[in-house]
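Below is one structure; the comments refer to it alone.
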There are 2 protein chains.
Amino acid sequence: MLTKKNIVVIPEPTLRRLPHYLHLLLNLKEQGVKSVSSTFIANELGLDSTQVRKDVQYTNIIGKPKTGFDVNSLINAIQTCLNWNRYENAFLIGAGSLGTAMLGYKQFKDYGLNFVAAFDNDPEKVGQKIHGIEVLSIDRLPVLAQLMKIHLAVLTVPAKAAQECVDIMLKGGIVAIWNFAPMQIKVPQNVIVENAQFSQSLAVLTRKLSVYKQTLL
Amino acid sequence: MLTKKNIVVIPEPTLRRLPHYLHLLLNLKEQGVKSVSSTFIANELGLDSTQVRKDVQYTNIIGKPKTGFDVNSLINAIQTCLNWNRYENAFLIGAGSLGTAMLGYKQFKDYGLNFVAAFDNDPEKVGQKIHGIEVLSIDRLPVLAQLMKIHLAVLTVPAKAAQECVDIMLKGGIVAIWNFAPMQIKVPQNVIVENAQFSQSLAVLTRKLSVYKQTLL
DNA sequence: GCTGTATTGATAAAATATTATCGATACAAA
DNA sequence: TTTGTATCGATAATATTTTATCAATACAGC
Ligand SMILES: NC(=O)c1ccc[n+]([C@@H]2O[C@H](COP(=O)([O-])OP(=O)(O)OC[C@H]3O[C@@H](n4cnc5c(N)ncnc54)[C@H](O)[C@@H]3O)[C@@H](O)[C@H]2O)c1
Ligand SMILES: NC(=O)c1ccc[n+]([C@@H]2O[C@H](COP(=O)([O-])OP(=O)(O)OC[C@H]3O[C@@H](n4cnc5c(N)ncnc54)[C@H](O)[C@@H]3O)[C@@H](O)[C@H]2O)c1
């Protein structure tokens, strides 16, 4: 499947697996491994080897029979797919507990994410620096977003404040929002929203645990 | 589809949507709304109404034509499905930035999650209390897990320490792990692992943003 | 008490995602 | 060089998930 401009559409399940491949591949690279087979990857990650091959095909990497895939090329290809080989400057909205943890998480650089500023409406927080990143008043967001050409924002405010903040972000021309608030936010069609709600993944876990316990009876 | 003991298997995509329904329903309840139609839910969450009805069916709630579903019953049914109407006591391993944020997140109670202790191997942290929860030495985990009958653990240690901690947790009889480390952990067949890796959801977002930017050219 | 209609729930169809099969191929070992 | 084999990549089969269709039904308004 292609978009209008002939860009391959990568299925979402595949996109969600690519980081797992990447983590494994980076580990292998560190250990000096040069090439890896789909069978090996599948075993390590508990997947089907056919699926690994199919996923890899989306990255345009071709392997060699009997040898597998070149680790370096595959790493590069995945990073390119995800645009993780260059930095996307981003704002963080809501410098609370979760926001603070994220601002301090150095490894986001490996995911192409670079926080350039944080925003909050708490006067106590505005003016502070958190892990070297300035906390600014949310009022200044629209102007700064445009000035600094920021397109991506991470939303870590309480659910009640989420929509209000989104509206401010939209004024600044933000087109992609990584939403951690347990709240469906409303945005225009063309704006990309990815909900990173803990509850989604927790729901899967607690259901499985509950079923597991029931089957034990 | 049924498990051996006639428990309905709820598809994972459905499980991931249930919390969204729940958040919306709780809001509606707060506003005094008594019943809600699948069409309404679908519009609010950007889904298909048929899908909402199908998802709702897994909770065993039946609606009324022309009226929709009873908000309260649906809330209860979803919470029951996910086992969120009672507390599951849990350990948190790795009292770092993310771990601290999670220990302080009161709303986990709404998700049936109750942290009873945290564990770390940093002598600076052991003995401290974080948001009222004691940080204990990881060495004590196996004994305490068995004593306190803890089955669920949240893993927020660095990737390099993840497997080592998992092995300790397994000794204590932990059967469900919510893993935040960007690392595939190895566990026996019967142990439930849910990877809550930020990178999964970030991958979807950055890919979409990248494609979006390319189509603009 | 009728009539019109929004909505459900069941079933069917379509789309998507995963898994299986198999010939082709590169490499290692004899 | 030849042979054996692990692995790829293409294609086909299966499974799962999403979306469409429609008769049955509860309610509101007349
Ligand atoms: N802490 C966690 O572990 C955790 C887990 C899952 C989800 N979440 C979600 O992440 C979000 C943040 O959680 P948290 O624990 O960091 O909360 P928090 O209260 O610690 O932080 C929220 C921050 O947002 C700021 N804020 C509030 N209203 C604002 C507004 N209108 N404009 C700008 N800033 C505003 C506050 O000043 C505060 O600094 C919440 O939606 C929460 O539900 C948190
Ligand atoms: N901070 C974030 O925003 C963020 C985002 C995404 C993923 N993560 C992941 O979550 C995990 C935790 O991240 P963090 O930022 O909180 O890191 P952190 O370094 O702040 O905290 C890690 C904690 O684990 C403890 N620890 C280390 N080795 C241990 C061991 N063997 N046994 C017991 N405890 C041990 C450390 O003492 C520390 O308290 C990491 O795997 C990280 O990749 C964090």
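Just so you know, these numbers use all the heavy atoms, side chains as well, and skip hydrogens, waters and symmetry mates. Below, chains carry the letters A, B, ... as their sequence lines are ordered, and counting in each starts from 1.
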Output the single nucleotide from [options] whose closest atom is nearest the side chain of [X].
X: Pro13(A); options: dG9(D), dA26(D), dT18(C); value: dT18(C)
X: Asp48(B); options: dT19(D), dA26(C), dT19(C); value: dT19(D)
X: Lys66(A); options: dA26(D), dG4(D), dC8(D); value: dG4(D)
X: Lys54(A); options: dT11(C), dA12(D), dC27(C); value: dA12(D)
X: Thr67(B); options: dC27(D), dT8(C), dA10(C); value: dC27(D)
X: Thr39(A); options: dT7(D), dA26(C), dT7(C); value: dT7(D)
X: Phe69(B); options: dT7(D), dC27(C), dG9(C); value: dG9(C)

Send over the distance from [X] [atom1] to [N] [atom2], rounded to a whole Å.
X: Ile62(A); N: dT7(D); atom1: CD1; atom2: C1'; result: 14 Å
X: Arg16(A); N: dA17(C); atom1: CZ; atom2: P; result: 13 Å
X: Asp70(B); N: dA26(D); atom1: CG; atom2: C1'; result: 15 Å
X: Gln51(B); N: dT11(C); atom1: CD; atom2: P; result: 19 Å
X: Tyr58(B); N: dG9(C); atom1: OH; atom2: C1'; result: 14 Å
X: Leu47(B); N: dA20(D); atom1: CG; atom2: P; result: 13 Å
X: Asp55(A); N: dA10(D); atom1: CG; atom2: C1'; result: 16 Å
X: Glu12(A); N: dT18(C); atom1: CD; atom2: P; result: 12 Å

_Output field: ring centroids Tyr87(B)/Phe108(B) closer than 6.0 Å_ = no

*Give a yes or no on whether the ring-centroid distance for Phe91(A) and Phe115(A) is below 6.0 angstrom.*
no

Scan side-chain atoms only and decide if [X] and [Y] contain a donor-acceptor pair under the 3.5 Å cut-off.
X: Asp55(B); Y: Thr14(B); value: yes
X: His131(A); Y: Lys106(A); value: no
X: His23(A); Y: Gln197(B); value: no

*Quick one: on DNA chain C, does Ser37(B) or Lys64(A) contact a more 5' nucleotide (nearest heavy atom)?*
Ser37(B)

Taking only side-chain nitrogens and oxygens of [X], does any of them come within less than 4.0 Å of OP1 or OP2 of [N]?
X: Arg17(B); N: dT17(D); value: no
X: Gln57(B); N: dT8(C); value: no
X: Ser38(B); N: dT7(C); value: no
X: Arg53(A); N: dC8(D); value: yes

